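So the structure is just underneath, and the comments pick up after that.
Note that this is a predicted model, so its numbers are computed, not measured.
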Amino acid sequence: METQILKEKRTVHKTKERITGCEAIVKCLLAEGVDVLYGYPGGTIMPAYDILHKCQDKIRHVLTRHEQGAAHAAQGYARISGKVGVAIATSGPGATNLVTGITDAHVDSTPMVCITGQVASHLLGSDAFQETDIVSISTPVTKWNHQITKASEIPEVIAKAFYIAKSGRPGPVLIDITKDAQFEEFDFEYEKCTGIRSYNPAPNVVTTAVQKAARLINDAEKPMIIWGQGVILGEAEEELKAVIEKTGIPAAWTILGASAIPTSHPLNVGMVGMHGNYAPNKLTNECDVLIAIGMRFDDRVTGDLATYAKQAKVIHFEIDPSEIDKNVKAHVAVLGNAKESLQRLLPLLTEKSYPKWHQQFKELYRIEFEKVIDKDLNPVKERLTMGEVLKEINTQSKGKAAIVSDVGQHQMIACRYAQFNETKSNITSGGLGTMGFALPAAVGAKMAAPERDVIAIIGDGGYQMTIQELGTILQTKVAVKIVVLNNDFLGMVRQWQQLFFDKRYASTELVNPDFVNIAKGYFIKAKRVTKRKELSASVKEMMEYRGPYFLEVSVEKEDNVFPMIPSGASVSEIRLS
């Protein structure tokens, strides 16, 4: 944590006027272009809420039903818009309830600014009512945080917060403001932050590193690209597409990288990771050059590091120096923003094709299709499968919807089978794996992109962790589509219990409520599907309905998600059953 406000390069907009700290908070948010924020009021943040109430025509506050919901809604807003999401809460439990969403944003590099109220400065450290040291609590899971005790600090700290949250590798920032600072008057002026001494968010791309990378790529016989969310965060989708098409290199993606390149692109060979596609996982351990772009070699991608891509020369394009050599040793590291790095790389690459290498991907895909995909999408079972629900959603949405998935089996199915034709279309909790993420995140996503269809894909377990956010939908009328794939289990945990714990289903079977009537209680149009013949018409009705819609689909209770790399196993040991 940085405690001193460092000298900054700032764009100056001097409009000195004497105002209170709480007025300054709102003016700063408006200066940063914030049009919506998510939160829950309480005692220590009440002065700021009073000003927000007076400025309803300029900035919209969305009252969530829990502070965790506010953080996830801000994440959804940020992920689909590319802007900084904003959440606001009171001290004590209000602040600590934000921590799960802050942590999720930290792991998944989501730009977010959280503002919390705090007890008056003379009460700090006295165990006052609803006093919590949120700065210390949030230090490990924020990109930066700061406590304000003087109103005069507010403009500079907020400007710095937005700059840090969005620049370089994005992440969450928390600002804790004491109640007396909110009431205190001072001479206000706002200067946008454009740089901070000693903070280098995007390292300069080194020409020699790019040249070394190009030589390795041009000399490769079986190269493979794995891209991650860094491509989306760096707005490098077109550059990645140009590199892939010029070189003819097969390209796979991590979960958070999904949608940077359309699913249907002929050089898109699928998803890597624990439940990724068979070919890109297996052939990671056969390629001779592995080109990682904006991804961090997460353990769910690599499996056993001792056996991961040991035969390959590894080229790592990455904006964060701390990720280089952290998990996988790079033969060539290209530091910098993905967009600039790929722009510099492209003219140095040779036009090639790899027919024999591509044939290996096609053959392994054929095996996966016969043993897994066809059964998921075209089942002969009596009960519906999660895969065929996604297939129907693809048909109705034409692959243009933004899919916001929760965590569990349905998440893996959604990532595997959703068709993504537009970037920023796959919004999910990747690194932290937060159940309860999808419902509030979908609210934020739809508000950020009202012109897009936003569909939340949720399991019956995760849905009940933030089900109260149906109240937010009731109050805002935001037209999200909610699909609960109900198998009456905590499905992913049950799958592991089946495969590795001799089917001892310890505390994973759920006795669920009547989800349809709950949705109707919030005046949300709702329907339950139990039969295959009902599915197409029901999804069509949901997609065409202009308001929020809840669709529950009863699916096979004990289906498993394959392929699967067992925990700690090599990517070469991926299982199809």
Side-chain angles (χ1 to χ4, degrees), residues 75 79 104-110 169-171 223-237 239-241 243-244 249-263 265 267-285 287 290-305 308-309 312 314-320 322-324 326-328 330 338 341-342 361 403-405 407 411-420 423-434 437 561 563-565 567 570-571 574:
Q75 286 179 271
R79 291 275 289 274
D104 196 286
H106 184 63
V107 178
D108 284 354
S109 303
T110 303
R169 180 180 181 175
M224 177 177 167
I225 289 172
I226 300 177
W227 84 80
Q229 190 185 202
V231 171
I232 296 171
L233 294 173
E235 299 180 346
E237 295 93 337
E239 287 75 12
L240 173 64
K241 184 169 176 281
V243 165
I244 291 171
I249 297 174
W253 39 272
T254 68
I255 283 176
L256 294 183
S259 81
I261 299 296
T263 307
H265 194 285
L267 294 171
N268 182 338
V269 294
M271 182 172 81
V272 293
M274 181 171 281
H275 293 285
N277 292 104
Y278 193 51
N281 274 308
K282 290 277 284 188
L283 296 179
T284 296
N285 278 1
C287 66
L290 180 61
I291 306 143
I293 305 174
M295 55 87 77
R296 59 188 180 88
F297 291 110
D298 176 75
D299 64 293
R300 287 296 173 104
V301 167
T302 65
D304 179 20
L305 279 169
Y308 183 78
V314 176
I315 303 169
H316 197 173
F317 289 83
E318 175 59 49
I319 198 169
D320 185 352
S322 71
E323 293 294 346
I324 300 298
K326 186 176 82 174
N327 294 324
V328 173
S341 297
L342 296 181
F361 282 89
I403 303 295
V404 185
S405 57
V407 172
Q411 176 191 35
M412 296 297 103
I413 292 293
C415 291
R416 282 176 55 78
Y417 295 127
Q419 296 291 312
F420 299 119
T423 188
K424 296 185 179 74
S425 290
N426 184 46
I427 300 168
T428 192
S429 173
L432 192 64
T434 305
F437 170 87
V561 182
M564 179 181 182
I565 304 169
S567 182
S570 166
V571 292
I574 186 169

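- A side-chain donor from one of Thr428 and Ser405 sits under 3.5 Å from a side-chain acceptor of the other.
- Counting all heavy atoms, side chain and backbone alike, Met295 lies closest to Glu318 at O-OE1, 3.4 Å.
- Proximity of a side-chain donor or acceptor of Asn281 to a complementary backbone N or O of Gly273 within less than 3.5 Å is detected.
- Note that CH2 of Trp227 and CD1 of Ile261 are 5.5 Å apart. Values are rounded to the nearest 0.5 Å.
- Of the residues Arg169, Lys326, Arg296, the one that meets the salt bridge (charged side-chain N to carboxylate O under 4.0 Å, His left out) test with Asp320 is Arg169.
- A distance-only check finds a donor-acceptor pair linking the side chain of Asn268 to the backbone of Pro262 [under 3.5 Å].
- Counting only distance, with no hydrogens or angles, the side chain of His275 and the backbone of Met564 share no donor-acceptor pair below 3.5 Å.
- Across all non-hydrogen atoms, the minimal contact from Ala260 to Ile232 is CB-CG1, 3.8 Å.
- Across Ala414 and Phe420, no two heavy atoms sit closer than the pair O-CZ, 4.5 Å.
- Pro280 and Val272 make their closest contact through CB-CG1, 3.8 Å (heavy atoms, listed as atom of the first residue, atom of the second, distance).
- Within the model, atoms CG of Asn426 and CZ of Arg79 stand 7.5 Å from one another, a figure rounded to the nearest 0.5 Å.
- Between Asp104 and Ser429, the shortest heavy-atom contact is OD2-OG, 2.5 Å.
- Remark: side-chain polar atoms of Gln229 are paired, donor with acceptor, to backbone N or O of Asp108 under 3.5 angstrom.
- In this structure, CG on Asn277 lies 10.5 Å from CZ on Phe361, to the nearest 0.5 angstrom.
- Rounded to the nearest 0.5 Å, atoms OH (Tyr308) and CG (Leu290) are 5.0 Å apart.
- In this structure, Thr284 OG1 and Ile226 CD1 are separated by 4.5 Å, a value rounded to the nearest 0.5 Å.
- Minimum interatomic distance between Ile255 and Cys415 (heavy atoms only, all atoms of both residues): CG2-SG, 3.8 Å.
- At least one donor-acceptor pair closer than 3.5 Å links the side chain of Asn285 to the backbone N or O of Ala309.
- Of the inter-residue distances, the one linking Ser567 atom OG with Met274 atom CE reads 5.0 Å to the nearest 0.5 angstrom.
- Distance alone, capped at 3.5 Å, is enough to place a donor-acceptor pair between the Asp298 side chain and the Arg300 backbone.
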